[in-house]
Protein chains: 2
Amino acid sequence: MTASAKSVAGSDRLRASSLGDDVSFLLARANALSIAAANAALAEFGLKARSYSVLSLAVAGTRPSQRELSEFLRLDPSQVVALVDELERRALVAREPDPCDRRAKVIVATPEGRETFARAQLATGAAERALHADLSEDEREQLADMLRRIAYPE
Amino acid sequence: MTASAKSVAGSDRLRASSLGDDVSFLLARANALSIAAANAALAEFGLKARSYSVLSLAVAGTRPSQRELSEFLRLDPSQVVALVDELERRALVAREPDPCDRRAKVIVATPEGRETFARAQLATGAAERALHADLSEDEREQLADMLRRIAYPE
DNA sequence: TATTGTTATACTCTATAACTATA
DNA sequence: TATAGTTATAGAGTATAACAATA
C-alpha cells in the first residue's frame with residue numbers, strides 16, 4: 001500500500017489532465033488496485049499473485065513444466081524455481097519427473113495444494129467482484145474479451 | 001523483456017486453464033505488454049512510464065506539488081523526489097516555491113520539457129494504437145470507461 | 001502537533017550470466 | 001549444439017523510518 005486514503009481529494013484535480021484519459025495509464029492504475037486487492041485476499045493463505053498463479057496452473061491438471069510456467073506467466077525461469085521451491089516446501093505442489101524428457105520437471109498440486117487453492121480462489125473471486133462492483137455482468141464479459149485481445153494478440 | 005518469442009506455442013495450451021479466463025490475470029498481462037510497449041517507445045527520449053507520467057502532469061500546467069504527484073501516481077514521496085531530481089537534472093522540469101505554502105514545491109515543465117513531451121506523446125500514442133489494433137474506436141472508448149470505473153471507484 | 005520534501009536503508013522484484021544434466 | 005532447471009548476483013523497483021523546515 002502506497003499513499004494513504006487521507007487527503008485523496010488533494011490530487012483529484014490532476015485527473016482532468018491528459019494522463020487521466022490515457023488508456024495505458026488507466027490500465028496501470030486498475031491493475032495496481034487489482035493486484036493490491038488480490039494480495040490482500042491471498043495474505044491469509046500465505047500466497048501472493050505470483051504463487052497463486054503457479055498453484056492455479058498446477059491444480060488445473062495440465063501438468064506444466066517449469067519452462068511452460070515461465071513462458072505463460074512471463075517470468076524468468078529462475079523466478080519459477082523460487083516460486084516452486086516455496087510452494088513445494090509448504091507441500092502444496094510437487095516436482096515430478098517428465099517421462100518424455102528427463103531434463104524437465106512437471107509441477108503437480110498435492111491434495112493440500114488443491115484444498116488451499118479452492119479456498120484462495122473463493123477469496124480472490126470475492127475481491128475481484130468487489131473491485132468490479134460498478135460493472136454489470138455483461139460489461140465484465142466485454143472487458144475480459146477486450147483485455148484478452150490485447151493480452152493475446154493473434 | 002522476459003521470455004523470448006521463441007517457443008510461445010509451448011505454453012499456449014495453458015491458456016485453457018481457469019487462470020486464462022481470470023479478468024485480474026488478463027488485466028495484469030495486458031498491463032505488462034502495455035508498459036513494455038510504452039517503455040520501448042520512450043527509450044529514445046530517455047524516459048520510462050514513471051518519468052513520462054510526471055513530465056505529463058508538469059506539462060499539463062496544473063502546477064502539481066510533489067505531494068499531489070505522489071498521491072495521484074500512487075508512488076511514495078521519496079520516489080517522486082528521485083523522479084523529479086532526474087527530470088530537473090535534464091532541465092525538463094523545474095521546482096518552483098509554492099507562494100501559498102513555503103514547504104511545498106510546485107513542479108513545472110520547461111520549454112524543453114514541453115517539447116520533449118510532445119514528441120514522446122506521439123511515440124507512446126503510436127505504441128498504444130498498435131497494442132489496441134484489434135479494437136475498434138468504440139471499443140477503445142468502452143474499455144477506457146470501464147477501466148476508469150475500476151481505477152477510480154466512486 | 002501535523003505536513004512537505006528529503007535522505008537513508010532494507011527489502012522485494014527482475015534481469016543476466018554461468019553451470020549441470022540431459023537432448 | 002541446444003534446452004530444462006538451477007544458482008549466484010546485481011540492478012531496479014518499492015516500502016519504511018527518521019529528519020529539517022514550515023504550517
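In what follows, chains are A, B, ... by sequence order, proteins preceding strands, each numbered from 1.
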- Task: With sequence neighbours left out, write down each residue that passes side chain to side chain contact (heavy atoms under 4.5 Å, CB included) with A/Asp21, or none if nothing qualifies.
- Result: B/Arg148

- Query: Quick one: is C/dT12 close enough that its OP1 or OP2 comes under 4.0 Å of any side-chain N or O from A/Lys48?
  - Reply: no

- Item | Selection from D/dG5, C/dG5, C/dA15 that lies nearest to any side-chain heavy atom of A/Arg67 | D/dG5

- Query: What distance separates A/Glu86 CD from A/Arg89 CZ, expressed to the nearest 0.5 Å?
  - Reply: 4.5 Å

- Message: Would A/Arg15 pass as a cation-pi partner of B/Phe72, given that its NZ or CZ must be under 6.0 Å from the six-membered ring centre and within 45 degrees of the axis?
- Response: no

- Query: Which is it for B/Lys105 and B/Glu96 under the salt bridge (charged side-chain N to carboxylate O under 4.0 Å, His left out) test, yes or no, and what are the steps along the way?
  - Reply: CA-CA 5 Å; B/Lys105 296 175 186 173; B/Glu96 287 187 3; over 6 Å; no

- Message: Can you confirm if the aromatic rings of A/Phe45 and A/Tyr52 lie within a centre distance of less than 6.0 Å?
- Response: no

- Message: Between C1' on D/dG5 and CG on A/Leu75, what's the gap in Å once rounded to a whole number?
- Response: 15 Å

- Item | side-chain N/O B/Arg95 vs C/dT6 OP1/OP2, d < 4.0 Å | yes

- Query: Quick one: A/Ile107 CD1 to D/dA4 P, roughly how many Å, whole number?
  - Reply: 14 Å

- Task: Would you mind reading off the distance between B/Gln79 atom CD and C/dA8 atom C1', rounded to a whole angstrom?
- Result: 14 Å

- Query: Given atom CG of B/Leu83 and atom P of D/dA12, what is their separation to the nearest angstrom?
  - Reply: 14 Å

- Is there a side-chain polar atom (N or O) of A/Gln66 under 4.0 Å from OP1 or OP2 of D/dT6? yes

- Taking the side chain as every heavy atom from C-beta outward, state whether B/Leu19 and A/Leu73 have any pair of such atoms under 4.5 Å apart. yes

- Whole-Å distance between C/dG5 C1' and B/Asp85 CG? 10 Å

- From D/dT14, C/dG5, D/dA4, pick the nucleotide closest to the side chain of B/Ser65? C/dG5

- Item | Per-nucleotide protein contact string for nucleotides 17-23 of chain D, where B marks a base within reach and S marks sugar-phosphate only (heavy atoms under 4.0 Å, - for neither) | ----BBS

- Query: What's the spacing between B/Gln121 CD and A/Asp22 CG if we round to 0.5 Å?
  - Reply: 8.0 Å

- Message: Please report the distance, rounded to the nearest Å, between CD1 in A/Ile35 and P in C/dT12.
- Response: 17 Å

- Query: Can you find a side chain N or O atom of A/Lys105 that sits less than 4.0 Å from OP1 or OP2 on D/dT6?
  - Reply: yes

- Query: Rounded to the Å, how far apart are B/Glu88 CD and C/dG5 C1'?
  - Reply: 13 Å

- Would you kindly give the CG-to-C1' distance between A/Asp98 and D/dA4, to the nearest whole Å? 10 Å

